[in-house]
Asks: 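Below: one structure in structure tokens.
All values derive from a computational prediction rather than experimental measurement.
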Amino acid sequence: MKAGDTDTPVAFGSVRRATSYDVARLAGVSQSAVSRCFAPGGSIAAATREKVMKAATELGYRPNALAQALITRRTNLVAVFISRLTNLHYPEVLAELSRRLTDRDIRVLLFALTAESEIDSILEQVWRHDVDGIISAARLDNDQIAGIRRHGIPMVLYNRTAGENLTPSVWCDSAAGERDLVDRLLAAGHRRFAVIAGPEDSAVGEERRQAALQRLSEAGITDTPVVRGDFSYASGRDAVATLSRSTPSLDAVICVSDVMAIGAIDGCRFDLDLKVPDDISIVGFDGSEPAGWMSYQVTSIRQPVRRMTEAAVQMLMERIEDPSLPAERRSFVGAFVPGQSARI
């Protein structure tokens, strides 16, 4: 008998919920066959499954999640950490992660961080929910990763790595994408650059900022002004206003996210009376849907979100089933989006 079931047959028309025992009796199969039928990936003959499902439909039976958790010692909950302000690309990331986990009968416990520095308070909540695994699209330091390991929770990092710490991770090579953008701008004749960066606690934003500045330095351009934003539209618009006062004759502005690039484009158009890209080139990063709108058509690097989320979920599920698997790191290359916001 399974946890949460009783051996009393269901009375038709009764308000008592049907149990797996009732389904097994009506279908003429064992109770373990019913359990296998409703377990994700459970092995059961097609004819037996058909009988079980027919009986379950007739009785209105649905497996009890709490009872299953007691049996399997799994909650079928996965915590997802995501930085709310990072970019407009993350709603798509979250939707893809949720869909792929739901397909595996896993529920998402979402933690949306205003800033990546909030992770310690989030972890205190995670310990109380006994999740099966974690997918983190937020920066974690070595101590935080060690704490997750001590709790025995498998984890995959999304779109970031953990330095020398061997942690399963999936990421888009932002540095390579940023260098590609800079090379294209240089080849088109741009020489006076500025960078609109993200907050200092954003690992992805910092990787992009550093890659852009390093590539410019290699090309002999070392006096590149940097203004920090918070990945929002307003911060991109404010940043170009600041740059116009300190460096009025710019050729190109490199934004580390599409959202700030959109803000910068509007700032040039409506606040500075500049034509984009005739007077100034602006590039972004992410390939988010709004960046492709006709009013903007941002020149950018598009991340392969579907492939990355599929890899992250698969990697996590494998480690939930077998925690002894070694760490694996998968890198994806972003695709250049020509757009209409830069002379390239």
Asks: Taking the side chain as C-beta and beyond, is there a heavy-atom pair between S331 and W171 under 4.5 Å?
Replies: yes

Asks: Can you tell me if D132 uses its side chain to pair, donor with acceptor, with the backbone of V78 under 3.5 Å?
Replies: no

Asks: Considering all heavy atoms of both residues, which atom of V226 and which atom of A197 are nearest to each other, and what is their separation?
Replies: CG1-CB, 3.9 Å

Asks: Counting C-beta onward and ignoring hydrogens, is there a side-chain heavy-atom pair between V80 and F111 closer than 4.5 Å?
Replies: no

Asks: Please confirm whether the backbone N or O of A203 pairs with a side-chain atom of E206, one donor and one acceptor, at under 3.5 Å?
Replies: no

Asks: Out of curiosity, does V156 fall in the hydrophobic cluster containing L110 (side-chain heavy atoms, cut-off under 4.5 Å, transitive links)?
Replies: yes

Asks: Working note: F231 + S202, criterion side chain to side chain contact (heavy atoms under 4.5 Å, CB included); need CA distance, chi angles, decisive distance, verdict.
Replies: CA-CA 10 Å; F231 294 113; S202 168; 3.4 Å; yes

Asks: Could you grab the distance from atom OG of S136 to atom CG of N159, nearest 0.5 Å is fine?
Replies: 11.0 Å

Asks: Looking at K54 and E58, is there a salt bridge between them, counting it only when a charged N and a carboxylate O are closer than 4.0 Å?
Replies: no

Asks: State plainly whether the residues R107 and D105 are in salt-bridge range, i.e. N to O under 4.0 Å.
Replies: yes

Asks: Any side-chain to backbone donor/acceptor pair from E124 onto S121? Under 3.5 Å, distance only.
Replies: no

Asks: Would you call S281 and H190 a side-chain contact if the rule is heavy atoms closer than 4.5 Å?
Replies: yes

Asks: Is there a donor-acceptor pair under 3.5 Å between the side chain of R228 and the backbone N or O of G198?
Replies: yes

Asks: State the OG1-CG distance between T247 and D223, to the nearest 0.5 angstrom.
Replies: 8.5 Å

Asks: Over all heavy atoms of both residues, which pair between A264 and V240 is shortest? Give the atoms and the distance, please.
Replies: CB-CG1, 3.4 Å

Asks: Between W127 and I153, is any pair of side-chain heavy atoms under 4.5 Å apart?
Replies: yes

Asks: With a 4.5 Å heavy-atom cut-off, do M317 and I320 have their side chains touching?
Replies: yes

Asks: Is it true that a side-chain atom of S20 and a backbone atom of V34 form a donor plus acceptor pair closer than 3.5 Å?
Replies: no

Asks: Would you mind reporting whether I301 and V337 have side-chain heavy atoms less than 4.5 Å apart?
Replies: no

Asks: Determine whether more than 12 heavy atoms belonging to other residues, nucleotides or ligands lie under 6.0 Å from atom CD of E200.
Replies: no

Asks: Show your working on side chain to side chain contact (heavy atoms under 4.5 Å, CB included) between F193 and L213 and close with a plain yes or no.
Replies: CA-CA 10 Å; F193 290 81; L213 293 176; over 6 Å; no

Asks: Establish, yes or no, whether the cationic atom of R184 lies under 6.0 Å from the six-membered ring centre of F336 and within 45° of the ring axis.
Replies: yes

Asks: Rounded at 0.5 Å granularity, tell me how far CD1 in I145 sits from CG in L157.
Replies: 5.5 Å

Asks: Taking A95's backbone N and O only, do any of them form a donor-acceptor pair with S98's side chain (distance below 3.5 Å, no angle check)?
Replies: no

Asks: Mind listing the closest non-hydrogen atom pair of V333 and C172 along with its distance?
Replies: C-SG, 4.5 Å

Asks: Tell me whether R307 at atom CZ has more than 12 heavy atoms from other residues, nucleotides or ligands lying less than 6.0 Å away.
Replies: no

Asks: C255 and V283: side chain to side chain contact (heavy atoms under 4.5 Å, CB included), yes or no, with the steps?
Replies: CA-CA 6 Å; C255 303; V283 298; over 6 Å; no

Asks: Salt bridge check, R208 against E178: does any charged N sit closer than 4.0 Å to a carboxylate O?
Replies: no

Asks: According to a hydrophobic-cluster definition based on side-chain heavy atoms being under 4.5 Å apart (Ile, Leu, Val, Met, Phe, Trp, Tyr only), do Y233 and I196 belong together?
Replies: yes

Asks: Assess whether side-chain hydrogen bond (donor to acceptor under 3.5 Å, both in side chains) is satisfied between T167 and S169, documenting all intermediate values.
Replies: CA-CA 6 Å; T167 304; S169 55; over 6 Å; no

Asks: Check for a donor-acceptor pair, side chain of R343 on one end and backbone N or O of P277 on the other, with a separation under 3.5 Å.
Replies: yes

Asks: For the atom pair CH2 (W293) and CG (D258), what is the distance rounded to the nearest 0.5 Å?
Replies: 11.5 Å

Asks: Is the closest basic N to carboxylate O distance between R139 and D201 below 4.0 Å?
Replies: no

Asks: Looking at every heavy atom in both T224 and A194, which two are closest together, and how far apart are they?
Replies: CG2-CA, 3.8 Å

Asks: Checking the side chain of T57 only, and the main-chain atoms of M53 only, is there a donor and an acceptor separated by less than 3.5 Å?
Replies: yes

Asks: With a 6.0 Å cut-off (strictly less than), is the heavy-atom count around CD of Q125, excluding the residue itself, greater than 12?
Replies: yes

Asks: Just how far is it from atom CG of D238 to atom CG of L243, taken to the nearest 0.5 Å?
Replies: 11.0 Å

Asks: Would you say CG of D273 has more than 12 non-hydrogen atoms from neighbouring residues, nucleotides or ligands within 6.0 angstrom?
Replies: no

Asks: Ignoring hydrogens and angles, tell me if any N or O in the side chain of R160 forms a donor-acceptor pair with the backbone of A137 under 3.5 Å.
Replies: yes

Asks: Should I135 and V170 be marked as a side chain to side chain contact (heavy atoms under 4.5 Å, CB included) after you check the CA-CA gap, both sets of side-chain angles, and the distance that decides it?
Replies: CA-CA 10 Å; I135 295 177; V170 171; over 6 Å; no

Asks: Using 0.5 Å steps for rounding, measure from the CZ atom of R237 to the CG atom of L272.
Replies: 9.0 Å

Asks: Compare every heavy atom of A211 with every heavy atom of A175, then report the nearest pair and how far apart it is.
Replies: CA-CB, 3.6 Å

Asks: Taking C-beta and beyond as the side chain, do I280 and D251 meet within less than 4.5 Å on heavy atoms?
Replies: no

Asks: The test is salt bridge (Lys or Arg N to Asp or Glu O under 4.0 Å); show your working for E328 and R319 and say whether it passes.
Replies: CA-CA 10 Å; E328 178 184 357; R319 281 151 183 79; 3.6 Å; yes

Asks: Could you report the tightest heavy-atom contact between S300 and G287, atom names first, then the distance?
Replies: OG-N, 3.5 Å

Asks: Report the C-alpha distance between Q314 and E310 in whole Å, list the side-chain angles of each, state the deciding distance to 0.1 Å, and finish with yes or no for side-chain hydrogen bond (donor to acceptor under 3.5 Å, both in side chains).
Replies: CA-CA 6 Å; Q314 180 181 354; E310 180 180 7; over 6 Å; no

Asks: Any donor and acceptor pair, going by atom type alone, linking the side chain of T102 with main-chain N or O of R99 inside 3.5 Å?
Replies: no

Asks: Considering only heavy atoms from C-beta outward, does the side chain of R302 approach that of D286 to under 4.5 Å?
Replies: no

